Number of protein chains: 2
Amino acid sequence: MPIEDKQKPQRNDRVTIRTVATHAGVSVAAVSKVMRNAYGVSDALRARVTDAIEVLAYRPSRAARGLRGRSFTIGVLLIDIRNPFLPEVIAGVNGVLAPSHYQAMIGVSDARVQLETSLIESMIDYKMDGLILVAPRLPSEILAKFAVQIPIVAVGYHDAGATAFDTVNTDDQRGAEIAVEALLACGYRDIEMLSLGEREGHAVSVVRQREIGFRRAMQRSGLGSSAVIGKIPIASPKREEAMRKFLSRKDRPHAVFCWSDLDAIILLSLAMEMGVRVPEDLAVIGYDNSSTAALGLVNLASIDQSGRELGQVATRALISRIEGRTSAEHILQTPSLVSRNSLIRSGNGTDK
Amino acid sequence: MPIEDKQKPQRNDRVTIRTVATHAGVSVAAVSKVMRNAYGVSDALRARVTDAIEVLAYRPSRAARGLRGRSFTIGVLLIDIRNPFLPEVIAGVNGVLAPSHYQAMIGVSDARVQLETSLIESMIDYKMDGLILVAPRLPSEILAKFAVQIPIVAVGYHDAGATAFDTVNTDDQRGAEIAVEALLACGYRDIEMLSLGEREGHAVSVVRQREIGFRRAMQRSGLGSSAVIGKIPIASPKREEAMRKFLSRKDRPHAVFCWSDLDAIILLSLAMEMGVRVPEDLAVIGYDNSSTAALGLVNLASIDQSGRELGQVATRALISRIEGRTSAEHILQTPSLVSRNSLIRSGNGTDK
DNA sequence: CGTTATATGGAGAACGTTCTACAAATTGTC
DNA sequence: GACAATTTGTAGAACGTTCTCCATATAACG
């Protein structure tokens with residue numbers, strides 16, 4: 001009688017690659033080969049293994065996969081889940097990923113550098129196959145350091161000089177120019193930009209890019225000297241306070257370009273409260289063309305950058321990088337204007 | 001000369017538990033003990049290991065951890081990232097998790113049962129420690145089956161009879177009652193509810209609960225016979241079409257309770273376009289008290305359920321379950337009314 | 001000083017994959 | 001029919017943890 005009878009296959013109830021192998025009467029390696037559809041599998045073998053997988057409803061353990069090879073998961077890092085622009089990006093990512101065998105896991109950093117770092121590290125520690133970082137706060141050098149360990153695509157991060165990772169953006173400078181051009185076309189000359197407070201957003205952030213575009217467009221029209229950029233704090237209630245101050249200024253301009261719909265919509269609300277008519281007293285144009293902007297009640301003109309498309313493009317870039325590309329790619333989409341009543345009172349408006 | 005010189009510690013550059021052990025001059029097991037602060041570690045040993053971890057900036061691999069023990073990650077499954085209510089829940093989850101050593105990973109199912117299943121399975125395969133499912137679509141039996149494999153807390157899922165998993169909800173029946181009571185208090189008698197199309201939302205969903213509450217409150221006031229519930233499709237453009245039809249009805253009621261702010265806000269917009277005055281011609285009350293509802297432009301009365309609190313409570317429940325609780329908990333929070341101009345024209349309104 | 005508790009550290013077997021080397025079987029070639 | 005080339009399948013070593021035994025060293029006790 002053999003002492004070595006420690007062959008107790010059913011100790012646990014989890015179906016592993018070993019269960020499949022036994023059931024199909026083949027080796028573990030064979031099953032693995034079929035899974036990865038590697039070279040050297042006969043049709044007969046493949047069929048048997050596929051059947052066994054089907055019957056047992058086998059799912060490979062992502063944890064184990066991660067330990068050895070790929071985990072078939074890509075991590076998405078969001079700076080802030082509240083911005084209605086971001087869900088669009090996610091939708092784009094999921095759309096591209098759906099037919100593939102990859103899946104997305106999302107982390108939310110709440111714009112804290114600390115948390116952002118630790119989430120990126122976690123995703124690396126999970127052996128995820130690649131990362132899409134949306135509007136990250138970390139400086140380029142740090143990202144480059146991470147990019148050595150894992151393929152990275154940054155979205156909403158203007159660093160065309162990066163060699164270690166890819167970037168996908170809409171041309172925010174151009175977007176701001178379009179906004180200014182639209183205001184100019186309506187006849188406004190005194191145009192101000194409401195931007196984000198100094199401490200938010202670094203040099204490569206979308207905000208600063210939009211400022212550059214704003215300045216350039218104003219300059220180009222000979223209005224360079226009056227190209228004022230107001231800085232609005234990001235958090236309540238200081239934000240509202242700053243906007244109220246702006247609205248009640250004696251020398252308030254007749255047109256304003258807000259760096260984001262988020263701010264523009266609040267500005268619209270406050271304007272209404274304070275009896276400032278839009279667009280008669282003040283024309284407003286935002287950025288992002290969020291779903292709220294499109295509401296009849298709001299009717300905010302905005303610069304559209306398709307978040308969905310951005311997500312799609314970023315995902316495709318990431319996959320190509322995962323599959324071996326090493327040279328950096330820097331993709332720039334062109335934004336477009338969506339004109340609405342906050343810019344100029346249109347025919348189908350509500351002022352009958 | 002020994003043939004066995006395969007001791008090449010620096011083959012890869014990843015700092016593993018082995019690197020730490022070598023650096024500290026102790027065994028791998030010792031380091032692991034310190035990490036888990038298990039029994040049987042002297043202060044001296046702990047200090048040396050801690051130092052080594054610090055110096056080497058060691059991070060344990062989540063993949064490896066998952067394979068053997070816990071991964072210190074909890075999965076959050078969102079039905080839809082667009083609903084502004086959900087970010088609040090995430091904020092609550094992150095808030096509770098931040099000081100702990102747990103981290104949240106989010107999956108977005110886009111309300112597809114297929115994707116929801118596969119995401120839950122993935123999270124199990126990652127050996128996550130627990131799951132928070134927000135408004136899942138899967139039937140209770142399926143969730144129970146998953147709950148055998150991993151601790152689960154369902155949010156926005158009314159199944160107080162579930163024994164395998166916990167639920168955390170606001171009392172949606174009560175919320176609807178509060179809405180009706182508020183409308184009654186303003187003197188409205190002909191009240192309709194605009195709910196979600198039949199095919200969306202199952203018996204345990206929040207929508208159906210709100211319908212029950214609506215009916216009960218109407219019945220209680222002797223208005224049971226006129227308690228009409230209209231069903232609005234969830235997707236554009238059918239949604240807008242149905243709402244337009246409602247707004248142009250000859251027998252349109254004077255007050256309407258929308259199952260969600262999402263719909264209420266669109267209704268408000270269409271009402272404005274069609275010249276239906278709110279609240280003079282039609283009073284509207286929504287549900288969720290989303291940030292958009294609070295905008296001065298919108299000014300939508302709503303039932304507030306603190307998403308943040310829901311997230312916090314759910315997270316705490318999950319952690320206690322991970323730590324061993326096996327009896328099911330079913331938590332019910334009480335929602336509250338936030339009155340605004342869409343309900344009744346208040347003094348500080350804009351109609352000067 | 002011998003015996004027994006107790007505190008401390010380490011060996012080594014999992015966990016479920018991937019993937020390199022290699023063996024065995026089959027086919028092709030002269 | 002001998003040999004090489006090719007195809008097909010398998011053994012078994014990683015991967016980086018956790019955690020159950022064990023082996024010591026030290027303290028306690030008579």
Side-chain angles (χ1 to χ4, degrees), chain A residues 4 6-9 11-22 24-49 53 56 58-73 101 122 124-129 149, chain B residues 4 6-9 11-22 24-49 53 56 58-73 101 121-122 124-127 129 149:
Chain A
E4 318 250 335
K6 52 184 171 184
Q7 286 286 81
K8 293 184 183 174
R11 208 202 73 182
N12 206 339
D13 50 355
R14 165 140 200 140
V15 175
T16 78
I17 199 173
R18 219 170 308 270
T19 326
V20 176
T22 311
V26 299
S27 73
V28 168
V31 178
S32 177
K33 269 192 181 176
V34 172
M35 299 281 308
R36 299 174 282 135
N37 51 67
Y39 173 83
V41 206
S42 67
D43 288 353
L45 181 76
R46 178 183 309 282
R48 265 195 304 170
V49 170
I53 288 176
L56 299 171
Y58 165 68
R59 302 191 317 258
S61 151
R62 299 219 169 211
R65 275 191 157 168
L67 190 51
R68 195 73 232 297
R70 320 273 286 281
S71 65
F72 294 101
T73 306
H101 43 297
S122 278
I124 293 175
D125 296 345
Y126 258 125
K127 278 275 180 68
M128 290 188 173
D129 296 338
Q149 307 176 58
Chain B
E4 316 250 335
K6 52 184 170 184
Q7 286 287 82
K8 291 184 183 174
R11 207 202 73 179
N12 205 339
D13 49 356
R14 163 138 202 143
V15 175
T16 77
I17 199 174
R18 221 170 305 271
T19 324
V20 176
T22 312
V26 298
S27 74
V28 168
V31 178
S32 176
K33 272 189 180 174
V34 171
M35 299 281 306
R36 298 173 284 136
N37 49 66
Y39 173 83
V41 206
S42 68
D43 289 353
L45 181 77
R46 178 182 310 281
R48 263 197 304 170
V49 170
I53 288 176
L56 299 170
Y58 164 68
R59 301 190 319 257
S61 151
R62 298 216 170 214
R65 275 191 157 168
L67 191 51
R68 194 75 230 295
R70 318 274 287 283
S71 65
F72 294 100
T73 306
H101 43 298
E121 288 176 343
S122 278
I124 292 175
D125 297 344
Y126 258 124
K127 277 274 180 67
D129 296 338
Q149 307 176 58

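Reminder, nothing fancy here: chain letters follow the sequence lines and each chain counts from 1. None of these values were measured; they are calculated from a predicted model.
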Report task. Could you check Met35(B) against Ser42(A) and say which one's nearest nucleotide on DNA chain D is further toward the 5' end? Result -> Ser42(A)
Query raised in the report: Arg62(A) side chain to Ser71(A) main-chain N or O, any donor-acceptor pair under 3.5 Å?
Result: yes
Requested in this report: Verify the contact: side-chain N or O of Tyr39(B) to OP1 or OP2 of dT8(C), cut-off strictly under 4.0 Å; return yes or no.
Outcome: no
Report task. Find out whether Asn37(A) and Arg46(A) are in side-chain contact, i.e. whether some heavy atom of one side chain is under 4.5 Å from a heavy atom of the other. Result -> yes
Report task. Could you state the atom-to-atom distance from NZ of Lys127(A) to C1' of dA14(D) in whole Å? Result -> 11 Å
Report summary line: Side-chain atoms of Arg36(A) come closest, of dG10(C), dT18(C), dA11(D), to dT18(C)
Query raised in the report: Between Val26(B) and Phe72(A), which is nearer to the 5' end of DNA chain C once each is assigned its nearest nucleotide?
Result: Val26(B)
Query raised in the report: How is Ala29(B) classified with respect to the nucleic acid when contacts are heavy atoms under 4.0 Å: base, sugar-phosphate, or nothing?
Result: base
Query raised in the report: Checking all strands, does Arg59(A) fall into the base, sugar-phosphate, or nothing category for heavy-atom contacts under 4.0 angstrom?
Result: sugar-phosphate
Query raised in the report: Given dT17(D), is OP1 or OP2 found less than 4.0 Å from the side-chain N or O atoms of Ser61(B)?
Result: no
Query raised in the report: Backbone N or O of Val28(A) within a donor-acceptor pair of the Ser32(A) side chain at under 3.5 Å?
Result: no
Query - Between dG16(C) (C1') and Leu56(A) (CG): distance, integer Å - result: 15 Å
Query raised in the report: Between dT18(D) and Arg65(B), is there an OP1 or OP2 to side-chain N/O distance shorter than 4.0 Å?
Result: yes
Query - Short side-chain N/O contact from Arg68(B) to OP1 or OP2 of dG16(D), under 4.0 Å - result: no
Requested in this report: Scan Arg70(B) against the nucleic acid and name what it touches under 4.0 Å (heavy atoms): base, sugar-phosphate only, or nothing.
Outcome: nothing
Report task. Specify the separation, in whole Å, of atom CG of Leu45(A) and atom P of dA25(C). Result -> 16 Å
Query raised in the report: Does any non-hydrogen side-chain atom of Arg59(A) lie less than 4.5 Å from one of Ile124(B)?
Result: yes
Requested in this report: Using atom CZ of Arg62(B) as one end and atom P of dT17(C) as the other, report the distance to the nearest whole Å.
Outcome: 21 Å
Query raised in the report: Salt-bridged, Asp43(B) to Arg48(B), with N to O below 4.0 Å?
Result: no
Query raised in the report: Does the distance from a Lys or Arg side-chain N to an Asp or Glu carboxylate O, for Asp129(B) and Arg65(B), drop under 4.0 Å?
Result: no
Query raised in the report: CD1 of Ile53(A) versus P of dT17(C): gap in Å, rounded?
Result: 10 Å
Report summary line: Sorted by position of nearest nucleotide on DNA chain C, 5' first, the leading residue of Asp43(B) and Ala64(A) is Asp43(B)
Query raised in the report: Within less than 4.0 Å of OP1 or OP2 of dT17(C), is there a side-chain N or O belonging to Tyr58(A)?
Result: yes
Query raised in the report: Should Thr16(A) be listed as having a side-chain N or O under 4.0 Å from OP1 or OP2 of dG16(C)?
Result: no
**Report entry** Spacing of Arg46(A) atom CZ relative to dT7(D) atom P, expressed in whole Å
**Finding:** 15 Å
Query raised in the report: How long is the line joining CZ of Arg14(B) and P of dG16(D), in whole Å?
Result: 7 Å
Query raised in the report: Whole-Å distance between dT8(C) P and Lys33(B) NZ?
Result: 10 Å
